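Just follow the structure's listing: the first ligand is 1, and inside any ligand the first atom is 1. Residue indices begin at 1 and follow the sequence shown. Since the model is a prediction, treat every value here as computed from it, not as a measurement.
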Amino acid sequence: MIIAIDGPAASGKSVTAKDVAKKLKYIHINTGSMYRAVTLYFLEKKVNLDNGTIFKKELKKLKINFNFKNEIFINDIDVSNKLRQDSVNNNVSKVSAVKVVRDNLVALQRNIALDNNVVMEGRDIGTTVFPNADFKFYLTADIEVRAKRRLIENQKSENDIQSMIDQIKKRDNLDKKRKHSPLVVADGAIIIDTTNMKIADQVEKIVNIIKRKDKYTNE
Ligand code: DC
């Protein structure tokens, strides 16, 4: 069973996907972390991010592993706690727009679902990675609410709200306008606006939809 959850930055995908997976006893896969890990690696190796043609060669030197706690390892080193730093935030959309990066990571993501029931979240799960996913959801929320949530998550002051809005808008724009697998609502996706919802409510809504439909198809 494959549950795809897509949506823009800070729309609540990660926490929702994690809790839905927990309730269903499925594996939660956060694909954004994979793109972040590649970005971190390129930054640390001082790869010129404006020259996507050299990415292929650089990717050959990179081994990404992760476990089902969503800890990510680059060449066997745990980098999980470095993935949310500003330098990664500011460059991940550029790196993830490059086809060879996407091809590598999509292959990895498809592989995981061969032997597992998964709740996979990202930007292109319902469109490219698993266009035939059993369930597709698209989470969204007002930009100000998303920025506030991200500030709280990063333990930053409310005074930083405008720069957070700008950062999220910039990233969303790049993710929506890129040539390969842009962020769009997948065919058949159920849109959930979480602006006025609590996490527990959005989790319950998704789990109920899955259980109801499952019951219906099993009858
Ligand atoms: O979900 P996140 O904010 O951690 O994702 C970081 C970036 O990775 C996002 O701005 C675009 C990219 N991404 C992507 O292109 N495709 C995915 N399936 C997941 C993330």
Does an N or O anywhere in Arg178 fall below 3.5 Å from an N or O of ligand 1?
yes

Nearest protein heavy-atom contact for atom 12 (C) of ligand 1: which residue, which atom, what distance?
Ser96 OG, 3.5 Å

Of all the heavy atoms in Ala9, does at least one lie under 4.0 Å from an atom in ligand 1?
no

Side chains of Thr31 and Gln109: do they bring a donor and an acceptor to under 3.5 Å?
no

Would you say that more than 12 heavy atoms from the other residues, nucleotides or ligands in this model lie under 6.0 Å from the NZ of Lys179, or not?
no

Does Lys136 pair with Asp187 as a salt bridge, N-O distance under 4.0 Å?
no

Which is it for Ile2 and Tyr26 under the side-chain contact (heavy atoms from CB on, under 4.5 Å) test, yes or no, and what are the steps along the way?
CA-CA 9 Å; Ile2 295 167; Tyr26 289 4; over 6 Å; no

Carefully, step by step, assess Lys205 and Ile209 under the rule side-chain contact (heavy atoms from CB on, under 4.5 Å).
CA-CA 6 Å; Lys205 182 164 180 162; Ile209 290 171; 4.2 Å; yes

Part of Arg36 with heavy atoms under 4.0 Å of ligand 1, whether side chain, backbone, both or neither
side chain

Tell me the protein heavy atom at minimum distance from atom 19 (C) of ligand 1, and give that distance in Å.
Thr31 OG1, 3.3 Å

Short version for Arg102: what comes under 4.0 Å of ligand 1, heavy atoms counted, is side chain

Only residue of Ile192, Asn30, Ile125, Ile206 satisfying side-chain contact (heavy atoms from CB on, under 4.5 Å) with Ile5 is Ile206

Asn67, CG: over 12 other non-hydrogen atoms inside 6.0 angstrom
yes

Shortest protein contact, atom 1 (O) of ligand 1 (heavy atom only):
Arg123 NH1, 2.9 Å

Would you say Tyr35 and ligand 1 have an N/O pair spaced under 3.5 Å apart?
no

For atom 18 (N) of ligand 1, grab the closest protein heavy atom and report residue, atom and distance to one decimal in Å.
Asp124 OD1, 2.8 Å

Is it the case that more than 12 heavy atoms not belonging to Ile199 sit under 6.0 Å from its CD1 atom?
no

Parallel under 30°, tilted from 30 to 60°, perpendicular over 60°: which one fits the rings of Phe135 and Phe137?
parallel

Would you say Arg84 touches ligand 1, if touching means a heavy atom closer than 4.0 Å?
yes

Using a heavy-atom cut-off of under 4.0 Å, does the side chain or the backbone of Lys170 touch ligand 1, or both, or neither?
neither

Give me the residue, atom name and distance of the protein heavy atom closest to atom 6 (C) of ligand 1.
Arg171 NH1, 3.4 Å

Would you mind running through ligand 1 and noting each atom that sits below 4.0 Å from a heavy atom of Ser93?
10 (O)

